[in-house]
Each structure stands twice: as structure tokens, then as C-alpha cells.
Amino acid sequence: EFLRGLGIRAGTSAVYTKAYDKFKAWCREQQHRNVDQNLDVYGTLYLQAYYDSKETTSPGVAGCLYSAFRNRQPTEQFPRVKKVLKKISETHVTTKALPLTEQGMLAVIGLLRKKEHYEGVAISLLMWLGMLRCSEALALEYSDLQWVSSNDEDTAGGGLVMSVRNTKTRACDSVFVERHPTTRCTHGPGTNRVLLDLLKQVLERLNSKSRRGRRFVSSMTYPKFRKLFAHTSRSLGLQHAHDGEGHSTARLRYNTHSYRRGRCTSCYTSGWTHDSLALYGRWSSKDSVKQYLAQSLAVLVTRGDGNATYAN
């Protein structure tokens, strides 16, 4: 109930529950008693034992356990577990999503169209055009998409309004994708118009194949779309990332977040301000955008695989 009140999806809640169940099983093995009254102490011991045995510094386990504790006892702070989580996060080298360039995005969509995977095309276009997180795109319903004509005084040139549900920073928000952007956010003239036209055709095609009409744009789950993107990007040779010295590394790779990173970076190099990006991309502050862009631009500058077209 606590997680649902925060707008956390059932799938995320299940992850926290699984982490907590593993912790309780460990406590039973260790014959610890009064666990619920000593979560902070036993949680710290559990994390120490877990990382000693796994020899890993990924903060995922600690983060899920901390969230699970907060779910059950929201008034408690669990300072020991929080300190362990902070220490692990400081020493962990995160895996960053490489930003897709527009050319890379078009290549992915082209291959998905060739394979007639139209749901994949629709989600890819929505993530790129709306700078959406994957979870936001997969939650979109047909009723969340409003096509506006060029005759509308408030939306000169027309375009698409997306009502984004359960964003990371707000409960709901709207994104307007201009058909003819006043600030060019592409590397080719009229790309927004072409992509919007393609998106409309794909959505109409998907809806026409349903007897009663579709509610959600896509029936895919996140794991299914992630698997589809991984397979498609590998087929295009996009999965082999390189660091500054040209060596293959698992720290930099393409994933579903590459659409959002790539679109944000493309808009920035086309003249968008940090404030505009924070508003459009639904970030809590422009400082978050600056940090986001610093990572993406650094990656693009150092790469040498032909996809880094933003670097000067």
C-alpha cells in the first residue's frame, strides 16, 4: 500500500518484496530473532555477508533492501543500512547508456519496420520524440495521445500532445512534439514531421488490427521490449561500445535509455537551453540536466565508432 501510494508500479513492488524475502530467509538461517524490531542491525549484517560472498559492489541489492525496509516501516530511517548503501554507491562504477544519435535511432526503427514489429516502432518513436523513459512510453494509452492540427492557435504548425503518466518527478505531465519545431532538434530538415507521420501511420495500423480497438499503445512488458532492443541493436552492430582508448567495455552500452539520452543530447547541440530541456524532459532541475549532458557529451567525444556525430 505504501508503494502504491507513491505511484510505484506493481513490478517494482515485487522486486522489493523479493529482496525482503531473501533477507528474511537469511535471518532464519542465521537464527536471528526479533528481526522486524532490528531491521537496521540485521540488514547491515546481511549486506556485509552478501557482498563478502558475491565479491560485488553493485548497489542494487542494498537499494532494494533499503526500499523494502522503508515500505514496511516508513517512519524509520535505517541509518546503518543507508550508510552501507551510500558507501557501495560511491565505489560502484555505473553502467551508462550510450546516447543514440538520430542516425542510430533511424537504423533501429528501419530494422524493426523491416521485421514488421510495429509495436517496437511505435515505442521507439514515442521515446525519441517525447524524450520519454521506457516505462513512460509503455504506460501510454491511445487516449493519452492528442493530435493537433496546424490551425490551432496555441500550437502553431500542429503536432502531438502526450499526456505522460506517473513520471519520475511528477504524477502526470504533458509533452508537446512540434511538427515544425521553431528550434531545430534534428540533423535533417523536417525530421519531426516525417517521424510524426510515421508514428501516426503505425498507431493507426496497430489499432485497426484490434477488433475492439486498443487501449494501450503497446502490450509489451519492459523485459520484452528490452530484449527486443538488445537483439535489434546487436544486429546493427551497436552493442560494442568503446572507451577513450578504443577498448571494449561493459560500462558503456546501448539500452532502452539510449533513446532519451540521445534525444536530449541532440536537442542540446541544436540550441536548446538547460531550462527548456528540464521542462521538456521532466527533470526536477536544470542541474540534473547538466549532469546528464556532461556524461553523454563526454562519451560522444571520446568514442570512435562512427556514431558520435555530436562531437565537434
Side-chain angles (χ1 to χ4, degrees), residues 2-13 67 97 99-100 105 119 122-149 152-186 191-193 195-196 199-200 202-203 214-218 220-222 225-226 255-268 270-293 295-296:
F2 174 72
L3 290 172
R4 280 199 289 271
L6 292 177
I8 296 177
R9 287 170 156 245
T12 305
S13 177
S67 297
L100 269 176
M105 177 273 300
E119 283 193 25
I123 295 301
S124 296
L125 286 169
L126 287 166
M127 282 198 291
W128 179 265
L129 289 168
M131 213 179 290
L132 303 183
R133 301 171 180 90
C134 189
S135 59
E136 295 170 345
L138 291 172
L140 285 173
E141 301 179 12
Y142 270 81
S143 58
D144 295 326
L145 306 176
Q146 180 184 357
W147 298 91
V148 293
S149 67
D152 193 321
E153 293 182 0
D154 295 328
T155 55
L160 173 64
V161 178
M162 306 181 193
S163 296
V164 185
R165 300 164 181 263
N166 295 324
T167 70
K168 191 174 181 180
T169 53
R170 291 181 282 272
C172 187
D173 213 336
S174 295
V175 176
F176 175 53
V177 184
E178 294 179 274
R179 187 174 176 83
H180 301 288
T182 52
T183 301
R184 188 169 63 88
C185 185
T186 59
T191 306
N192 261 24
R193 175 181 58 80
L195 295 180
L196 283 172
L199 175 61
K200 193 170 186 178
V202 170
L203 292 175
R214 298 167 67 96
R215 176 185 173 187
F216 289 94
V217 171
S218 174
M220 286 190 293
T221 61
Y222 173 68
F225 181 77
R226 181 177 59 187
N255 58 35
T256 57
H257 207 63
S258 296
Y259 291 97
R260 180 170 165 86
R261 267 193 186 277
R263 178 66 162 172
C264 176
T265 311
S266 175
C267 288
Y268 177 72
S270 296
W272 285 40
T273 65
H274 293 116
D275 287 327
S276 297
L277 287 168
L279 181 64
Y280 191 87
R282 301 161 311 286
W283 277 283
S284 57
S285 70
K286 65 179 181 181
D287 289 336
S288 299
V289 177
K290 288 180 179 179
Q291 183 179 12
Y292 200 81
L293 285 169
Q295 296 171 348
S296 294

- Please list, chain by chain and in numerical order, all residues satisfying ring-ring contact (aromatic ring centres under 6.0 Å, His included) with Y280, sequence neighbours excluded. W272

- Does R282 use its side chain to pair, donor to acceptor, with the backbone of M131 at less than 3.5 Å? yes

- Query: Taking all non-hydrogen atoms of both residues, which atom of P99 and which atom of T265 are closest, and how far apart?
  - Reply: CB-OG1, 4.2 Å

- Task: Mind listing the closest non-hydrogen atom pair of S124 and Y259 along with its distance?
- Result: OG-OH, 2.8 Å

- With the side chain counted from C-beta on, respond yes when E136 and M162 share a heavy-atom pair under 4.5 Å apart, and no when they do not. no

- Item | Pairing residues for Y222 by the side-chain hydrogen bond (donor to acceptor under 3.5 Å, both in side chains) criterion, not counting sequence neighbours | T256

- Minimum heavy-atom separation for R179 to N192, with atom names? O-CB, 3.8 Å

- Which distance, rounded to the nearest 0.5 Å, do you find between the CG of L132 and the CD1 of I123? 9.0 Å

- Message: Could you tell me if the side chain of L277 sits less than 4.5 Å from the side chain of Y292, heavy atoms only?
- Response: no

- Dump the intermediate steps for side chain to side chain contact (heavy atoms under 4.5 Å, CB included) on M127 and L100, then the final yes or no. CA-CA 12 Å; M127 282 198 291; L100 269 176; over 6 Å; no

- E141 CD: over 12 foreign heavy atoms closer than 6.0 Å: yes

- Heavy-atom check, side chain of S163 versus side chain of S174, under 4.5 Å: yes

- Query: Do R263 and L129 come close enough that some side-chain heavy atom pair is under 4.5 Å?
  - Reply: yes

- Pairwise side-chain contact, K200 with L160, heavy-atom cut-off 4.5 Å (strictly under): no

- Apply the test side chain to side chain contact (heavy atoms under 4.5 Å, CB included) to residues H274 and L293: give CA-CA distance (whole Å), side-chain angles for both, the deciding distance (0.1 Å), then the verdict. CA-CA 9 Å; H274 293 116; L293 285 169; 3.8 Å; yes

- Message: Please find the pair of heavy atoms, one from C264 and one from W283, that lie closest to each other, and give the distance.
- Response: SG-CH2, 3.8 Å

- With the side chain counted from C-beta on, respond yes when L199 and L145 share a heavy-atom pair under 4.5 Å apart, and no when they do not. no

- Query: Is the backbone of V289 close enough, under 3.5 Å, to the side chain of Y268 for a donor and an acceptor to pair up by distance?
  - Reply: no

- Query: Are V164 and D144 close enough, and set up right, to give a side chain to side chain contact (heavy atoms under 4.5 Å, CB included), and what steps lead you there?
  - Reply: CA-CA 7 Å; V164 185; D144 295 326; over 6 Å; no

- Item | Sidechain-backbone polar pair: R260 side chain, G281 backbone, donor-acceptor under 3.5 Å | yes

- Item | Worked check of side chain to side chain contact (heavy atoms under 4.5 Å, CB included) between C134 and F225 | CA-CA 9 Å; C134 189; F225 181 77; 3.6 Å; yes

- Task: First locate atom CG of L125, then atom CG of L196, and finally report the distance between them rounded to the nearest 0.5 Å.
- Result: 8.5 Å

- Query: Is a side-chain N or O of S270 found less than 3.5 angstrom from the main chain of S266, in a donor-acceptor match?
  - Reply: yes

